[in-house]
Amino acid sequence: MCGVPRPSQSVTNGVDTLERMTGSGTEMPTRYEAGAVEPRWADSWIERGYFHAQVPDDPSRAYCIVIPPPNVTGRLHVGHALGRTLEDILVRRARMRGLEALWVPGMDHAGIATQVVVERELRKEGTEPRDLGREAFVERVWAWKERYGGEIIGQLKRMGASLDWDRERFTMDEGLVGAVRVAFVRWYEQGLIYRGERLVNWCPTDQTGLSDSEVEHEEVDGELLTFRYPLSDGTGHVEVATTRVETMLGDTGIAVHPDDERYRDLVGGTVRHPFDGRDLPIVADGAVDPTFGTGAVKVTPAHDPTDFEIAQRAGLPLLNILDAEARINQNAAEEFYGLGRYDARQAVREELEKLDLFVSVEHPYRHSVGHCYRCHSEIEPWMSGLQWFVAVDGLKGRATEAAMDGRITFWPERWRKAYVSWLDGLRDWNISRQLWWGHRIPAWYCPDGHVTVSLEDPDACAACGSAEIEQDPDVLDTWFSSQLWPFSTLGWPDETPELGAFYPNAVLVTGYEILYLWVARMIMSGMSLAGDIPFRDVVIHGLVRDAHGRKMSKSLGNVIDPVEIFDLYGADALRFSLARLATGGQQDIPLSVDSIQGGRNFANKIWNAARLVLEALPGGEPQLPPDERLTAPQRWLLARHQHCVAEVNASLDRYEFAAAAQAMYRFFWSEYCDWGLEMEKERLRSDDPAVAEDAAKVLAWILERTLRLLHPVMPFVTEEIWQRFGIGETIVRAPWPEAEEYAGHEVLGSDAEATWPFVEELVTTVRRFRSEHGIPSKTRVELRLVGRETGAARYAGFESEVMRLAGASDISVVTAGDATGSARLLVQGETVLVPVGELIDLDAERERLQKRLTEADEGRARSEAKLANAGFRDKAPEDVVLAEKLKVERFEREAESFREQLAELG
RNA sequence: GGGCGCGUAGCUCAGCGGGAGAGCGCUUGCUUCACACGCAAGAGGUCGGAGGUUCAAAACCUCCCGCGCCCACCA
């Protein structure tokens with residue numbers, strides 16, 4: 001055993017392995033200290049290679065999830081913890097089921113995002129990134145990646161994520177660089193990638209183009225300004241409206257709707273630009289909405305996508321009046337040159353007012369403006385030269401079909417619709433980024449303008465042989481490499497054994513915010529390049545917010561740092577809390593410290609229940625006693641446990657994590673601890689060693705299986721306890737409890753389950769009675785069930801438990817109702833006499849009875865009203881009607897009893 | 001302009017055709033030999049509003065009112 005880590009040492013205060021293995025002499029502190037236990041297990045699991053997956057011979061034994069690679073921009077936040085927790089639950093369960101469960105770790109280079117944070121850091125040091133030069137800058141980013149990549153790995157390990165670290169990948173590692181190259185070249189050769197000059201979404205701050213998906217539209221209060229263009233022939237004016245009046249410097253035409261009577265005669269004519277005297281043609285175009293504004297539109301082809309298209313159709317020239325930083329360039333009238341776009345807006349307006357061309361302004365005017373998803377600057381539609389695009393029409397079809405025909409299932413299902421309709425409206429994807437950090441576009445240009453795209457870096461132009469070739473300075477959109485993640489991490493384009501076994505992946509878990517940016521593109525590229533769906537299931541979860549549903553942000557000061565939580569409450573606590581909140585129905589997930597404390601309390605509850613059971617366990621593998629020795633409460637608990645197993649499995653099969661967590665919580669706390677342990681305690685301390693041993697065995701057996709059930713959600717505390725059973729090396733690879741197993745015990749427990757409701761209500765009713773009368777817990781009362789001899793069947797097998805839990809000295813059945821001096825409690829319609837004599841306060845008793853009487857009367861009235869309805873009697877199912885009739889009888893009996901008692905009390 | 005989600009106990013949310021639930025918070029008892037990160041008992045909801053379907057609606061349909069989100073080239 002030399003050198004085997006013993007993660008539990010700190011908690012057991014040095015109890016040695018042998019003692020732990022035999023279960024004797026185990027000291028468990030009264031509180032579970034997650035912070036001391038978890039880091040040891042986290043390391044130990046990895047050291048022992050438990051998370052390493054082999055490539056199975058039988059592909060049906062393969063189960064694979066790839067981590068949504070976190071950006072190397074910085075440390076992980078609780079949002080990441082949610083997704084990783086859900087994935088870990090799935091992977092750990094699959095692993096326990098005996099599958100080769102591979103969870104691929106890795107990170108994303110996150111082109112623009114990382115470049116921005118590194119630039120910011122450099123500027124803080126007083127260095128202008130552009131001065132550094134490309135090579136040195138990229139080196140700096142790699143250094144950044146090493147630092148934060150390491151921190152992210154540390155965080156993931158600490159939270160217990162069972163990733164196969166032997167297979168860690170990075171979107172810019174050697175293999176993935178190759179995969180990106182192959183993908184680009186293949187699509188280029190298929191005509192799915194092309195180079196073109198188009199308006200792109202330009203971020204003037206980050207100085208790069210963006211795809212449509214990277215632009216966030218937001219409603220802002222702007223202004224709608226109307227001004228006049230004089231007709232060139234001096235016969236009048238045309239009024240146009242705009243929210244960005246500075247763009248009029250780049251106007252090259254006026255457009256009206258072809259059917260618009262008002263302008264029919266003007267089409268073909270021109271207006272004169274007031275600042276530089278250019279004549280702008282008036283053209284007709286169907287894209288113009290004649291009902292908006294004046295029905296005439298100024299056309300700025302170089303700075304508006306609609307205008308660009310109009311210009312293409314009408315043959316209007318492009319006039320680019322902005323530079324890369326969105327300042328007015330030399331193409332505009334001289335007096336505006338060099339102005340920023342917002343200053344220019346003001347200056348143009350003033351100039352128009354001077355020339356008496358200003359008509360009116362509407363302010364505030366609410367309209368939608370695109371912003372950069374990284375830096376939030378306003379996006380400028382801009383001509384930035386030739387850029388590379390992916391022609392999505394060649395990819396959409398198969399990606400849509402895969403979701404429509406059920407090969408890919410979305411959970412919850414509603415996201416499928418969102419996905420399909422997004423694909424439907426998708427336009428070509430701009431993949432050129434004017435950045436330094438990323439995959440360099442594998443295209444080379446010679447002085448004659450030939451383009452060479454190739455797998456290997458070329459020495460000469462493929463068309464003319466010129467050796468004077470230069471590579472495209474741009475890099476690819478970061479999502480271009482991310483989209484290959486499900487297969488590139490498995491070795492694609494090589495046909496590796498991993499790719500053969502683990503592709504398609506089983507499931508992808510991610511937040512809805514990257515459904516389009518990432519998920520949709522993985523499906524498109526997976527279908528096209530890897531020849532199959534990338535994953536069978538897509539699980540979409542909400543975004544983690546603070547306790548009141550607000551976004552977590554540094555400025556609000558409500559950010560929860562996962563590691564802080566791990567240290568304070570434990571990773572298990574956070575994991576359980578997140579799982580319990582992950583309902584799927586709602587869009588976002590409010591996480592509060594209270595909720596995490598709830599998880600911590602649960603871990604502590606498990607720990608303490610285990611303390612009790614393990615102290616009593618004689619040692620060895622927990623085995624059930626023979627069926628005939630099982631008591632009714634034991635059979636009941638077994639049956640409840642089995643229901644819990646079934647419920648958890650059914651929930652997880654549907655990715656209903658909250659329901660699964662809730663089922664475990666309810667079973668363990670409310671049934672196993674509150675009732676099960678409380679009932680068994682007596683037997684555990686029995687003088688008869690056989691009785692005590694049986695009780696311990698039953699409790700231990702159920703506990704051990706429950707630990708396995710809980711393990712995927714709370715890996716640490718379950719492992720820590722499970723070790724003490726001494727039945728194996730690790731719970732990580734212990735078998736997963738299936739619903740079908742031990743079905744026999746369910747049957748075995750059915751009699752006890754049928755008895756249970758009466759037993760539970762009897763105990764609760766007596767407890768309530770005692771509480772209402774302040775009867776001290778040490779005072780024993782007698783319980784007499786009024787009825788025939790068979791009345792005892794109502795609590796058969798639970799006699800001693802009822803007595804102990806209700807604080808009774810005796811329980812019996814009496815045939816006649818000698819009720820003198822007794823309180824009469826009603827339990828499921830049966831009368832239970834409690835001889836109390838002077839014990840009770842008569843006023844309190846009157847109050848109690850009056851309250852119960854009201855409840856009974858109300859209940860009866862409800863049921864009678866239902867039965868009075870002929871439609872109900874005729875049309876409702878028989879059993880429902882019968883149940884209603886029984887209710888009336890019961891309420892009647894109860895009410896009668898309460899009235900009698902009240903009368904007796906006077 | 002389209003589409004989606006949500007309005008249920010003070011808070012955060014389950015439930016989605018047959019007598020209103022959980023956690024937290026609150027009240028009252030418990031130094032009960034696993035756990036006060038606990039135990040027991042309790043208070044607290046015209047299930048956003050109005051119609052409709054049904055014997056029966058928190059749940060299904062329609063409309064309305066409030067939140068929130070996504071998509072979209074109306075200047």
Any side chain to side chain donor-acceptor pair (under 3.5 Å) involving residues 660-674 of chain A? Give me the pairs, sequence neighbours left out, ordered by first then second residue.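 As it turns out, the side chain to side chain donor-acceptor pair (under 3.5 Å) pairs with a partner in residues 660-674 of chain A, which skip direct neighbours, are A:R640-A:E671.
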
Could you check A:R580 against A:C673 and say which one's nearest nucleotide on RNA chain B is further toward the 5' end?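 Final value for this comparison: A:R580.
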
Given RNA chain B, 5'-ward residue of the pair A:D594 and A:S771, judged by closest heavy atom: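 So the residue in question is A:D594.
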
If the condition is salt bridge (Lys or Arg N to Asp or Glu O under 4.0 Å), which residues does [X] pass it with, not counting sequence neighbours?
| X | answer |
| --- | --- |
| A:D857 | A:R899 |
| A:D304 | none |
| A:E772 | A:R852 |
| A:R804 | A:E682 |

Check every strand shown and say whether [X] touches a base, only sugar-phosphate, or nothing at a heavy-atom separation below 4.0 Å.
| X | value |
| --- | --- |
| A:P381 | nothing |
| A:A418 | nothing |
| A:K887 | base |
| A:R685 | sugar-phosphate |

Sequence neighbours excluded, which residues qualify as ring pair (Phe, Tyr, Trp, His ring centres under 6.0 Å) partners of A:F308?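 None.
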
Listed partners of A:H371 passing ring pair (Phe, Tyr, Trp, His ring centres under 6.0 Å), at least two apart: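 Per chain and number, A:H371 pairs via ring pair (Phe, Tyr, Trp, His ring centres under 6.0 Å) with A:H376.
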
Treating primed atoms plus P, OP1 and OP2 as sugar-phosphate and everything else as base, which nucleotides of nucleotides 70-75 of chain B get B, S or - for protein heavy atoms under 4.0 Å? SSBBBB

Without decimals, in angstroms, what is the distance between A:I589 CD1 and B:C6 C1'?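 So the CD1-C1' distance, A:I589 to B:C6, works out to 14 Å.
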
Provide, to the nearest angstrom, the distance between the CD atom belonging to A:E772 and the P atom belonging to B:A41.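 To the nearest whole Å, that distance equals 11 Å.
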
Are there any protein N/O atoms within less than 3.5 Å of an N/O atom in nucleotides 36-38 of chain B, and if so, which ones and at what distance?
| from | atom 1 | to | atom 2 | distance (Å) |
| --- | --- | --- | --- | --- |
| B:C37 | OP1 | A:R31 | NH2 | 2.2 |
| B:C37 | O4' | A:N601 | OD1 | 3.0 |
| B:C37 | O2' | A:N604 | OD1 | 3.2 |
| B:C37 | O2 | A:R600 | NE | 2.9 |
| B:C37 | O2 | A:N601 | OD1 | 3.4 |
| B:C37 | N4 | A:R31 | NH1 | 2.9 |
| B:G38 | OP1 | A:N601 | ND2 | 3.2 |
| B:G38 | O3' | A:K605 | NZ | 3.0 |

Look at the aromatic rings of A:Y419 and A:F410 and report parallel, tilted or perpendicular, splitting at 30° and 60°.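 Judged by the thresholds at 30° and 60°, the geometry between A:Y419 and A:F410 is tilted.
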
List the residues meeting side-chain contact (heavy atoms from CB on, under 4.5 Å) with A:R890, not counting sequence neighbours, and say none if there are none.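 Scan of A:R890 (side-chain contact (heavy atoms from CB on, under 4.5 Å), adjacent residues dropped) gives A:R893, A:E894.
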
If you look only at pairs with a residue in residues 870-879 of chain A, which of them pass as a salt bridge (Lys or Arg N to Asp or Glu O under 4.0 Å), with sequence neighbours excluded?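 Checked against salt bridge (Lys or Arg N to Asp or Glu O under 4.0 Å) - neighbours excluded - no pair reaches residues 870-879 of chain A.
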
Can you tell me if the side-chain N/O atoms of A:K681 get under 4.0 Å from OP1 or OP2 in B:A34?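 A:K681 to B:A34 OP1/OP2: side-chain N or O found under 4.0 Å.
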
Please confirm whether the shortest side-chain N or O distance from A:R767 to OP1 or OP2 of B:A41 is below 4.0 Å.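 Answer yes for this pair, as a side-chain N or O of A:R767 is under 4.0 Å from OP1 or OP2.
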
base_contact_polar (B:A56 base, A:E884 side chain, donor-acceptor, <3.5 Å):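 Answer is no: no donor-acceptor pair is held.
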
Range-with-range stems of RNA chain B (Watson-Crick or G-U pairs under 3.5 Å, three or more in a row):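 Consecutive-pair runs (3 or more) involving RNA chain B: B:1-7 with B:65-71, B:10-13 with B:21-24, B:26-30 with B:38-42, B:48-52 with B:60-64.
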
Would you please say whether a donor-acceptor pair under 3.5 Å links the side chains of A:H303 and A:E380?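 Absent: no donor and acceptor within the cut-off.
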
